[in-house]
*Asks:* 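Here it is, the structure in full.
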Amino acid sequence: MNKILVIEDEKELAKFIQLELEYEGYQVTVENDGRDGLNKALGEDFDLILLDLMLPSLSGTEICRRVRMNKDTPIIMITARDTVFDRISGLDSGADDYISKPFVIEELLAHMRAIFRRINKIEKNNYLVYKDLSLDPAARIVKKGDEIIDLTKKEFDMLFLFMKNVNRVLTREMLLEAVWGYDTSVETNVVDVYISYLRTKLDDKENNLYINTVRGAGYVLRK
């Protein structure tokens, strides 16, 4: 059963979508606030997110951008604003598709089926590779050569973020938000602690460093 997250502040519309999708056999979670929706999207695994563009607390484009930093969950942007700029803005922030209000449920279902067809064509073992490291997101396994590296959930999530963003400097704030969540009360220095944990498990005696420090900025995996 596919899990769907609906982030929509129009409660009647959200309820309508929920009932229709549940009738079609989907498992549906609804959030009416942007910040709550982001926390739910980052804290749980969903097969698809239906995301309104204009939301209280946090906009749909900002939610989309933040989710994309950490996850590949397909996102369909839903909005009453249908200008070319709005469509481009939504897609550039990481949305996979776009549907305008008002719409009939059959149209939304068709968009969803198209996305799921594309996903099914993607090879399941879609590893991320960096030097001699390989990371399998589905199985949550990291290998260094042929050796499995035992990582905690936070360590895995942090390494996954680095391997998705090779050559991109990630700030402590970006890492904290992506791995611990938008509303976390954890201090940014915990990022340094987990970087140290990862280095202990990944770096070798030949001083082969994986995660590099960029002074005053953050951390990066360099090609």
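Side chains are part of it too, since the values below use all heavy atoms of this structure and drop only hydrogens, waters and symmetry mates.
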*Asks:* Side chain to side chain contact (heavy atoms under 4.5 Å, CB included) between K201 and L151: does it pass, once the steps are laid out?
*Replies:* CA-CA 8 Å; K201 294 182 178 183; L151 299 180; 3.7 Å; yes
*Asks:* Keeping D52 on the side-chain end and I7 on the backbone end, is there a donor-acceptor pair under 3.5 Å?
*Replies:* no
*Asks:* Do L209 and V214 sit in one hydrophobic cluster, given that two such residues count as connected whenever their side-chain heavy atoms are within less than 4.5 Å of each other, even indirectly?
*Replies:* no
*Asks:* Salt bridge check, E8 against K15: does any charged N sit closer than 4.0 Å to a carboxylate O?
*Replies:* no
*Asks:* Supply the atom-to-atom distance E62 CD to L55 CG, rounded to the nearest 0.5 angstrom.
*Replies:* 12.0 Å
*Asks:* Could you check whether any side-chain N or O of E155 sits under 3.5 Å from a backbone N or O of T152, counting only pairs where one atom can act as donor and the other as acceptor?
*Replies:* yes
*Asks:* Say you draw a straight line from CE of M69 to CG of N165; how long is it, rounded to the nearest 0.5 Å?
*Replies:* 7.0 Å
*Asks:* Can you tell if the side chain of I115 reaches within under 4.5 Å of the side chain of L48, non-hydrogen atoms only?
*Replies:* yes
*Asks:* To check you understand the geometry: which heavy-atom pair defines the closest contact between N32 and A14, and what is its length?
*Replies:* ND2-CB, 4.1 Å
*Asks:* Any idea which heavy atoms bring F162 and V220 closest together, and the distance?
*Replies:* CE2-N, 4.0 Å
*Asks:* Take a 6.0 Å sphere around CG of D150 and say whether it holds more than 12 heavy atoms from other residues, nucleotides or ligands.
*Replies:* no
*Asks:* Keeping D96 on the side-chain end and I76 on the backbone end, is there a donor-acceptor pair under 3.5 Å?
*Replies:* no
*Asks:* Is it true that the NZ or CZ of K131 lies under 6.0 Å from the centre of Y210's six-membered ring and within 45 degrees of the ring axis?
*Replies:* yes
*Asks:* Mind checking whether D97 and I99 have side chains closer than 4.5 Å, heavy atoms only?
*Replies:* no
*Asks:* May I ask you to test the V142-F160 pair for a side-chain heavy-atom distance under 4.5 Å?
*Replies:* no
*Asks:* How about L161 and D157: do any of their side-chain heavy atoms sit closer than 4.5 Å?
*Replies:* no
*Asks:* Might you work through the side chain to side chain contact (heavy atoms under 4.5 Å, CB included) test for R66 and M174, ending with a clear yes or no?
*Replies:* CA-CA 9 Å; R66 291 170 189 248; M174 291 165 67; over 6 Å; no
*Asks:* For K144, is there an ion pair with D203 - N to carboxylate O distance below 4.0 angstrom?
*Replies:* no
*Asks:* Give the ring-plane orientation class for Y194 versus Y197, where under 30° counts as parallel, over 60° as perpendicular and anything between as tilted.
*Replies:* perpendicular
*Asks:* Between L13 and L19, is there shared hydrophobic-cluster membership here, with clusters defined by ILVMFWY side-chain heavy atoms closer than 4.5 Å?
*Replies:* no
*Asks:* To the nearest 0.5 angstrom, please state how far the CD1 atom of I78 sits from the CG atom of L108.
*Replies:* 5.5 Å
*Asks:* Give a yes or no on whether the backbone of A41 and the side-chain of K71 come within a donor-acceptor separation of less than 3.5 Å.
*Replies:* yes
*Asks:* Out of curiosity, L5 CG to I63 CD1, how far, rounded to the nearest 0.5 Å?
*Replies:* 9.0 Å
*Asks:* For a 4.5 angstrom cut-off between non-hydrogen side-chain atoms, does T171 reach L175?
*Replies:* no
*Asks:* With Y219, which of T213, D192, N212 fulfils side-chain hydrogen bond (donor to acceptor under 3.5 Å, both in side chains)?
*Replies:* D192
*Asks:* Quick one, P137 and L135 - any side-chain contact, counting heavy atoms below 4.5 Å?
*Replies:* yes
*Asks:* Would you say L198 ends up clustered with V193 if hydrophobic residues are merged whenever their side chains have heavy atoms under 4.5 Å apart, either directly or through other cluster members?
*Replies:* yes
*Asks:* Which heavy atom of C64 sits nearest to which heavy atom of I75, and what is that distance?
*Replies:* SG-CD1, 3.6 Å
*Asks:* Keeping the roles fixed (side chain from R68, backbone from T73), state whether a donor-acceptor pair exists under 3.5 Å.
*Replies:* yes
*Asks:* Are V166 and F156 linked, directly or through other ILVMFWY residues, by side chains that come within less than 4.5 angstrom of each other?
*Replies:* yes
*Asks:* Taking NZ in K143 as the centre, count heavy atoms belonging to other residues, nucleotides or ligands within less than 6.0 Å. Is the count above 12?
*Replies:* no
*Asks:* Heavy-atom distance under 4.5 Å between the side chains of L109 and E24, does that happen here?
*Replies:* yes
*Asks:* Would L170 end up clustered with V190 when hydrophobic side chains under 4.5 Å apart are linked, directly or stepwise?
*Replies:* yes
*Asks:* Closest heavy-atom contact between P56 and D9?
*Replies:* CD-CB, 3.6 Å
*Asks:* Taking the side chain from R199 and the backbone from I211, do they hold a donor-acceptor pair closer than 3.5 Å?
*Replies:* yes
*Asks:* Please lay out, stage by stage, how F46 and I4 fare under the test side chain to side chain contact (heavy atoms under 4.5 Å, CB included).
*Replies:* CA-CA 6 Å; F46 293 93; I4 312 296; 5.9 Å; no
*Asks:* Before accepting this row, confirm whether a basic side-chain N of the pair K40/D36 lies closer than 4.0 Å to the acidic partner's carboxylate O.
*Replies:* no
*Asks:* Are the side chains of L202 and L159 in touch, meaning some heavy atoms are under 4.5 Å apart?
*Replies:* yes
*Asks:* So which atom in V169 and which in A217 form the shortest heavy-atom distance, rounded to 0.1 Å?
*Replies:* CG1-CB, 3.9 Å
*Asks:* Any sub-3.5 Å donor-acceptor pair from E10's side-chain atoms to E12's backbone N or O?
*Replies:* no
*Asks:* If I take atom CD1 from residue I105 and atom CD1 from residue I17, how far apart are they, to the nearest 0.5 angstrom?
*Replies:* 6.0 Å
*Asks:* Does atom CG of D146 have more than 12 heavy-atom neighbours from other groups under 6.0 Å away?
*Replies:* no
*Asks:* Run F103 and H111 through side chain to side chain contact (heavy atoms under 4.5 Å, CB included) and show every step you take.
*Replies:* CA-CA 11 Å; F103 55 85; H111 281 260; over 6 Å; no
*Asks:* Calculate, to the nearest 0.5 Å, the distance between atoms CG and OG belonging to L53 and S59 respectively.
*Replies:* 7.0 Å
*Asks:* Are the side chain of Y130 and the backbone of R222 linked by a donor-acceptor contact shorter than 3.5 Å?
*Replies:* yes
